[in-house]
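Here's the structure we're looking at; comments come further down.
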There are 2 protein chains.
Amino acid sequence: MYKKALLTTVTEFEVINVENHKIMEEEKRKKNWNNVNCPVRTVLDRIGDKWSILILLILGDTEKMRFNQLNKEIEDISQKMLTVTLRSLEADGLVNRIIFPEVPPRVEYNITELGKSLLPHIKALSEWAKNNLETIQESREKYVS
Amino acid sequence: MYKKALLTTVTEFEVINVENHKIMEEEKRKKNWNNVNCPVRTVLDRIGDKWSILILLILGDTEKMRFNQLNKEIEDISQKMLTVTLRSLEADGLVNRIIFPEVPPRVEYNITELGKSLLPHIKALSEWAKNNLETIQESREKYVS
DNA sequence: TATTGTTACTAACTAATAGTAAGCGAATAT
DNA sequence: ATATTCGCTTACTATTAGTTAGTAACAATA
């Protein structure tokens with residue numbers, strides 16, 4: 001026990017108090033980052049997938065878009081993943097899904113006000129990515145093992 | 001063919017030109033979003049995983065942190081995922097990894113200048129998440145099927 | 001001396017998620 | 001009759017995340 005060795009000059013009572021305090025502090029900190037209480041994670045676990053941000057950026061640039069338009073815009077997304085991502089964005093209230101009961105079916109998607117309020121932050125991130133892309137890629141190349 | 005039906009009043013020549021133009025436009029747009037040319041994706045594909053942002057936020061709050069400290073801070077991360085994520089952040093040049101050749105081993109992590117420059121954007125996103133958490137959760141509850 | 005504890009990991013595995021390929025329905029066009 | 005359209009599902013495979021157990025190299029304790 002490394003801790004005990006460092007505490008040999010203080011009384012047993014003090015040791016207990018110090019330990020209690022440490023435990024309480026640790027508990028307090030933990031609550032900030034665990035899955036239930038951390039708002040960042042509750043949102044980013046959804047937004048931070050492979051496609052959500054990309055779709056929000058595209059829908060932010062156009063008033064509305066149909067399913068197949070989006071599918072063509074994002075070259076390498078599968079229909080399934082597009083469906084799944086759009087539904088999750090709809091569930092979170094970030095995009096609207098408007099169904100026209102026609103044949104062949106028509107479904108239009110557009111960004112909501114909530115989605116629009118998120119956009120600037122995503123765009124800032126996107127700008128940062130653009131500006132620092134080279135540095136990051138150099139770093140990746142240098143990094144071995 | 002729905003498209004052709006809409007173009008029955010124009011000549012064959014015009015149809016071809018219109019089609020060509022559309023194809024060229026589409027090609028141009030595509031290049032903005034595919035995996036190779038889109039900086040957002042190159043960076044977000046790495047940052048946007050389950051743990052990276054969380055680790056950056058924590059390392060942004062403290063000058064330096066040891067491996068096990070981080071492991072305790074993030075209640076539900078496994079050692080493997082912590083290792084993997086830290087290494088990927090290191091490769092991208094967002095965190096520093098300092099090894100002290102001691103027994104038991106000591107490895108300290110801290111955020112780099114590049115990482116610090118990304119932090120404000122992540123924090124802004126985090127703030128947005130905090131402010132809109134309730135709205136999103138309500139929306140999720142309402143959403144059925 | 002033997003045992004246990006410490007740290008920052010890896011290796012080998014399983015669970016969860018992402019992605020692929022095919023098909024569907026209901027109408028229109030050939 | 002057959003092919004095509006659109007926005008999906010369904011059933012499958014591939015990739016990634018996460019779990020559990022173990023490692024080295026010593027320190028402290030019994």
Side-chain angles (χ1 to χ4, degrees), chain A residues 1-8 34-35 41 44-55 59 64-91 95-110 145, chain B residues 1-8 15 19 34-35 41 44-55 59 64-91 95-110 145:
Chain A
M1 272 179 208
Y2 299 86
K3 238 182 234 167
K4 219 167 187 178
L6 293 167
L7 294 168
T8 41
N34 71 13
N35 229 336
R41 294 193 57 190
L44 286 179
D45 279 0
R46 284 271 192 112
I47 292 305
D49 66 353
K50 195 169 178 183
W51 304 109
S52 293
I53 284 176
L54 193 57
I55 290 171
L59 290 180
K64 60 186 178 185
M65 272 231 175
R66 293 183 65 174
F67 184 88
N68 274 1
Q69 266 183 292
L70 278 166
N71 207 165
K72 277 168 199 157
E73 199 81 358
I74 309 164
E75 260 186 334
D76 47 357
I77 196 172
S78 68
Q79 286 189 320
K80 185 197 145 188
M81 286 320 293
L82 185 54
T83 305
V84 168
T85 310
L86 283 168
R87 292 296 165 87
S88 136
L89 289 171
E90 192 200 357
V95 308
N96 286 132
R97 184 166 174 266
I98 306 144
I99 306 157
F100 296 85
E102 300 173 5
V103 171
R106 181 154 63 104
V107 181
E108 285 179 359
Y109 296 91
N110 61 12
S145 146
Chain B
M1 271 181 213
Y2 299 87
K3 238 182 234 166
K4 221 168 188 177
L6 292 166
L7 294 167
T8 42
V15 171
E19 289 294 330
N34 71 14
N35 229 336
R41 294 193 58 189
L44 284 180
D45 279 359
R46 285 272 192 112
I47 293 305
D49 66 353
K50 196 169 178 182
W51 303 110
S52 292
I53 285 177
L54 193 58
I55 290 170
L59 289 179
K64 60 188 176 184
M65 272 231 174
R66 294 183 64 175
F67 184 88
N68 273 2
Q69 266 183 291
L70 277 166
N71 207 163
K72 276 168 199 156
E73 200 80 357
I74 308 164
E75 261 185 333
D76 47 357
I77 197 172
S78 67
Q79 285 190 320
K80 185 197 146 191
M81 288 318 293
L82 185 53
T83 305
V84 168
T85 311
L86 284 168
R87 293 294 165 87
S88 137
L89 290 171
E90 193 200 358
V95 309
N96 287 130
R97 183 165 173 268
I98 307 145
I99 306 157
F100 296 85
E102 300 172 5
V103 171
R106 180 154 64 104
V107 181
E108 285 180 359
Y109 296 90
N110 62 13
S145 142

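Here is the naming used below: chain letters follow the sequence lines, and residue numbers restart at 1 for every chain.
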* Decide yes or no for B:Ile98 and B:Asn110: does some side-chain heavy atom of the first lie under 4.5 Å from some side-chain heavy atom of the second? => yes
* Spacing between B:Met81 atom CE and C:dA11 atom P, to the nearest angstrom -> 16 Å
For nucleotides 21-24 of chain C, list the nitrogen or oxygen atoms of the protein found under 3.5 Å from its nitrogen or oxygen atoms, one pair per line.
none

* Structure fact -> With sequence neighbours left out, the residues meeting side chain to side chain contact (heavy atoms under 4.5 Å, CB included) with B:Ser88 are B:Arg46
* B:Ile99 CD1 to C:dA8 P, straight-line distance once rounded to whole Å -> 11 Å
* Asked: Once you round it to whole Å, what is the distance between P of D:dG7 and CD1 of A:Ile55?
  -> 14 Å
* Quick one: B:Leu82 CG to C:dT10 C1', roughly how many Å, whole number? -> 14 Å
* Asked: Got a sec, which residues hit side chain to side chain donor-acceptor pair (under 3.5 Å) with A:Thr83, two or more places apart in sequence or on another chain?
  -> none
* Are the side chain of A:Asn71 and the backbone N or O of A:Ile77 linked by a donor-acceptor pair below 3.5 Å? -> yes
* **Per B:Pro105 side chain, nearest of listed nucleotides C:dA8, D:dG7, D:dA25** => C:dA8
* Reckon A:Arg87 has a side-chain N or O less than 4.0 Å from the OP1 or OP2 of D:dG7? -> no
* How would you label the contact of A:Phe100 with the nucleic acid (heavy atoms, under 4.0 Å): base, sugar-phosphate, or nothing? -> nothing
* Distance, rounded to the nearest Å, where B:Arg106 contributes CZ and C:dA8 contributes C1' -> 13 Å
* Minimum-distance nucleotide (side-chain atoms of A:Thr83 versus D:dT9, C:dG19, C:dA8) -> D:dT9
* To the nearest angstrom, how far is B:Leu54 atom CG from D:dA17 atom C1'? -> 15 Å
* What's the CG-C1' distance between B:Leu70 and C:dA8, to the nearest Å? -> 12 Å
* Check whether any side-chain N or O of B:Arg66 sits under 4.0 Å from OP1 or OP2 of C:dT7, and answer yes or no. => no
* Asked: Separation of B:Phe67 atom CZ from C:dA8 atom P, in whole Å?
  -> 7 Å
* To do: Locate the shortest heavy-atom distance separating B:Tyr109 from B:Leu59; write the atom from each residue and the value.
  => O-CD2, 3.7 Å
* Residue pair B:Asn96 / B:Glu90, side-chain heavy-atom distance below 4.5 Å -> no
* Of the listed nucleotides C:dG19, D:dC6, D:dG18, the one nearest the side chain of B:Ser78 -> D:dG18
* Look at A:Trp51 and C:dG19 and indicate whether a side-chain polar atom (N or O) is within less than 4.0 Å of OP1 or OP2. => yes
* Considering only heavy atoms from C-beta outward, does the side chain of A:Ile55 approach that of A:Leu82 to under 4.5 Å? -> yes
